[in-house]
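Worksheet: the structure to be examined is printed underneath.
Each residue takes its place number in the sequence, starting with 1.
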Amino acid sequence: MPNANSFGHNFRDYEVESERQEGVEIFYRTNHINQTYDFVKKMREEYRKLDRVEMSIWECCELLNNVVDESDPDLDEPQIEHLLQTAEAIRKDYPDEDWLHLTALIHDLGKVLLLPSFGELPQWAVVGDTYPVGCAFDESIVHNKYFKENPDYKNPAYNTKYGVYSERCGLDKVMMSWGHDDYMYLVAKENKSTLPSAGLFVIRYHSFYALHRSGAYKHLMNEEDKENLKWLQIFNKYDLYSKSKVRIDVEKVKPYYLSLIEKYFPARLRW
């Protein structure tokens with residue numbers, strides 16, 4: 001694992017002066033103002049129709065060559081590099097968990113929402129850390145000061161500890177800020193992927209740093225969530241610390257990942 005990100009700084013350091021720091025903070029201000037409960041509900045209803053594109057998982061992986069994540073202070077490489085770095089690092093340490101290798105490969109595919117065929121959504125509605133909406137915004141969320149400008153911040157229906165939820169209701173009942181995580185989760189679930197529950201959990205919550213790094217929102221988790229969180233915390237180490245300038249030979253590893261895609265997904269998916 002590298003000791004520093006692509007710019008020579010600590011990973012996920014949102015305060016350090018770097019060529020990306022200012023842009024990342026501007027991104028989070030826009031994100032935190034606009035990710036409201038009503039906005040998320042609208043986006044989930046629209047995108048769960050999966051009526052935009054039909055293609056395979058690997059075709060989607062190749063589309064990510066056109067995407068760079070503006071919210072990421074650690075990396076400015078095309079996303080396909082990050083997918084393969086993460087998957088190969090996990091494959092080395094967990095050779096028997098093939099579902100986790102595939103989960104790593106596809107966890108960021110939802111970032112195609114940035115492309116015209118998928119609606120060309122703005123960066124703030126696709127990438128960045130995710131968090132629940134419909135209840136109070138936790139102080140551990142990066143750049144949390146900007147939530148004060150979010151309409152839900154002063155809405156008594158949404159600004160309490162539980163908001164519209166109940167204790168231990170289960171994270172599957174919780175609306176998360178809209179982005180690539182929730183979209184790819186919907187794609188996998190609606191296309192009837194046979195990935196285990198833990199795989200779907202990793203896809204949906206891998207950007208939920210307030211939970212898996214700071215321990216926030218555990219009062220909303222049920223027992224299945226707690227078991228799945230163990231895998232997410234394993235995955236997160238590879239998602240974050242495999243980011244480096246080390247290149248992956250795509251053609252060499254492609255046959256292995258195509259076999260996993262065939263095992264866990266239909267040949268063509270609705271997106």
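A side-chain donor-acceptor contact under 3.5 Å links Tyr256 and His101. In this model, a donor atom of one side chain and an acceptor atom of the other lie less than 3.5 Å apart for Tyr28 and Asp129. Defined by atom type and a distance below 3.5 Å, a donor-acceptor pair is missing between the side-chain atoms of Asn228 and Tyr205. Side chains of Ser140 and Asp138: a donor on one and an acceptor on the other come within 3.5 Å. Side-chain atoms of Asp108 and His180 form a donor-acceptor pair, as typed in the model, at a separation below 3.5 Å. Checked by atom type, the side-chain pair Tyr158/Asn150 shows no donor-acceptor distance below 3.5 Å.
For the pair Pro266/Leu269, a side-chain contact is recorded, criterion being any heavy-atom separation below 4.5 Å from C-beta on. Counting heavy atoms from C-beta on, the side chains of Val187 and Met184 come closer than 4.5 Å. Contact annotation: the side chain of Phe147 approaches that of His32 to within less than 4.5 Å [non-hydrogen atoms, C-beta and beyond]. Counting only heavy atoms from C-beta outward, the side chains of Leu114 and Glu120 never approach each other to under 4.5 Å. Contact annotation: the side chain of Tyr165 never approaches that of Leu171 to less than 4.5 Å [non-hydrogen atoms, C-beta and beyond]. Under the 4.5 Å side-chain criterion, counting only non-hydrogen atoms from C-beta, Leu84 is in contact with Val253. Considering only heavy atoms from C-beta on, Lys154 stays 4.5 Å or farther from Lys148 through its side chain. Between Ser214 and Tyr209 there is no side-chain heavy-atom pair separated by less than 4.5 Å.
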Given side-chain hydrogen bond (donor to acceptor under 3.5 Å, both in side chains), test His107 with Asp239 step by step and report yes or no.
-> CA-CA 9 Å; His107 76 283; Asp239 184 23; 3.1 Å; yes

Please assess Trp271 against Leu109 for the test side-chain contact (heavy atoms from CB on, under 4.5 Å), listing each intermediate value before the final yes or no.
-> CA-CA 11 Å; Trp271 299 78; Leu109 292 190; 4.1 Å; yes

Do Tyr257 and Arg91 pass the side-chain contact (heavy atoms from CB on, under 4.5 Å) test, and can you show the C-alpha distance, the side-chain angles, and the key distance before you say yes or no?
-> CA-CA 11 Å; Tyr257 289 102; Arg91 181 183 175 189; 3.9 Å; yes

side-chain contact (heavy atoms from CB on, under 4.5 Å) assessment of Tyr94 paired with Ile234 | CA-CA 10 Å; Tyr94 292 86; Ile234 289 171; 3.6 Å; yes

Take Ser197 and Glu224 through the side-chain contact (heavy atoms from CB on, under 4.5 Å) test and state the conclusion after the steps.
-> CA-CA 9 Å; Ser197 171; Glu224 184 178 13; 2.7 Å; yes

Could you walk me through whether Glu88 and Tyr238 pass side-chain hydrogen bond (donor to acceptor under 3.5 Å, both in side chains), step by step?
-> CA-CA 9 Å; Glu88 284 294 284; Tyr238 295 89; over 6 Å; no

Before giving the answer on side-chain hydrogen bond (donor to acceptor under 3.5 Å, both in side chains), spell out for Tyr146 and Glu25 the whole-Å C-alpha distance, their side-chain angles and the decisive distance to 0.1 Å.
-> CA-CA 10 Å; Tyr146 294 121; Glu25 182 160 352; 2.7 Å; yes

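In this structure a side-chain-to-backbone donor-acceptor pair under 3.5 Å is missing from Gln35 to Ala125. Not a single donor-acceptor pair under 3.5 Å links the side chain of Ser166 to the backbone N or O of Cys169. Counting only distance, with no hydrogens or angles, the side chain of Asp182 and the backbone of Gly179 share no donor-acceptor pair below 3.5 Å. For the pair Glu46 (side chain) and Met43 (backbone), a donor-acceptor distance under 3.5 Å is absent. Checking side-chain atoms of Asp152 against main-chain N and O of Tyr37 turns up a donor-acceptor pair under 3.5 Å. In this structure a side-chain-to-backbone donor-acceptor pair under 3.5 Å is present from Thr30 to Ile26.
Counting all heavy atoms, side chain and backbone alike, Leu232 lies closest to His212 at CD2-CD2, 3.5 Å. Closest approach of Tyr162 to Glu167, counting heavy atoms only: CE2-CA, 3.5 Å. Thr36 and Pro151 get closest at one heavy-atom pair: CG2-CD, 3.8 Å. Taking each heavy atom of Trp124 and Phe27 in turn, the nearest pair found is CA-CE1, 3.2 Å. Shortest non-hydrogen contact noted between Arg270 and Glu190 is NH2-O, 3.7 Å. Nearest heavy-atom pair across Asp181 and Ile203 is CB-O, 3.5 Å.
In the hydrophobic clustering of ILVMFWY residues, with side-chain heavy atoms under 4.5 Å counting as a link, Ile57 and Leu258 come out together. With hydrophobic clusters built from ILVMFWY side chains whose heavy atoms lie under 4.5 angstrom apart, Val250 shares a cluster with Met55. Placement of Val53 and Ile106 within a single hydrophobic cluster is found when ILVMFWY residues are connected by side-chain heavy-atom separations under 4.5 Å, directly or transitively. One hydrophobic cluster, built from ILVMFWY side chains closer than 4.5 Å, holds both Leu83 and Trp58. When hydrophobic clusters are built by joining Ile, Leu, Val, Met, Phe, Trp and Tyr residues whose side-chain heavy atoms come closer than 4.5 Å, directly or via intermediates, Ile33 is not grouped with Ile141.
Counting non-hydrogen atoms of neighbouring residues, nucleotides and ligands closer than 6.0 angstrom, the CD atom of Glu262 reaches no more than 12 such neighbours. Open room surrounds CD on Glu139; 12 or fewer heavy atoms of other groups in view lie less than 6.0 Å from it. Arg168 CZ: 12 or fewer foreign heavy atoms inside a 6.0 Å radius. By the 6.0 Å contact criterion, CZ on Arg29 is open, its count of non-hydrogen atoms from other residues, nucleotides or ligands being 12 or less.
Leu105 CG to Thr86 OG1: the interatomic distance, rounded to the nearest 0.5 Å, is 9.5 Å. Separation of atoms CG (Leu200) and OH (Tyr185) is listed at 6.5 Å; rounding is to 0.5 Å. Rounded to the nearest 0.5 Å, atoms OG (Ser259) and CG (Leu102) are 9.0 Å apart. Interatomic distance, Cys135 SG to Lys161 NZ, rounded to the nearest 0.5 Å: 10.5 Å. To the nearest 0.5 Å, atoms CZ (Phe39) and CE (Met175) are separated by 11.0 Å. Atoms CZ and CD, on Phe235 and Glu97 in that order, are 14.0 Å from each other to the nearest 0.5 Å.
Exactly one residue among Val112, Val126, Leu115 makes a side chain to side chain contact (heavy atoms under 4.5 Å, CB included) with Leu121. That residue is Val126. No option in Phe265, Tyr264, Trp231 other than Trp231 meets the ring pair (Phe, Tyr, Trp, His ring centres under 6.0 Å) test with Trp99.
Taking the ring centre of Phe208 as origin, the terminal cationic atom of Arg213 falls outside the region bounded by 6.0 Å and 45° from the ring axis.
A salt bridge does not link Glu45 to Lys42: none of the charged side-chain nitrogens sits closer than 4.0 Å to a carboxylate oxygen.
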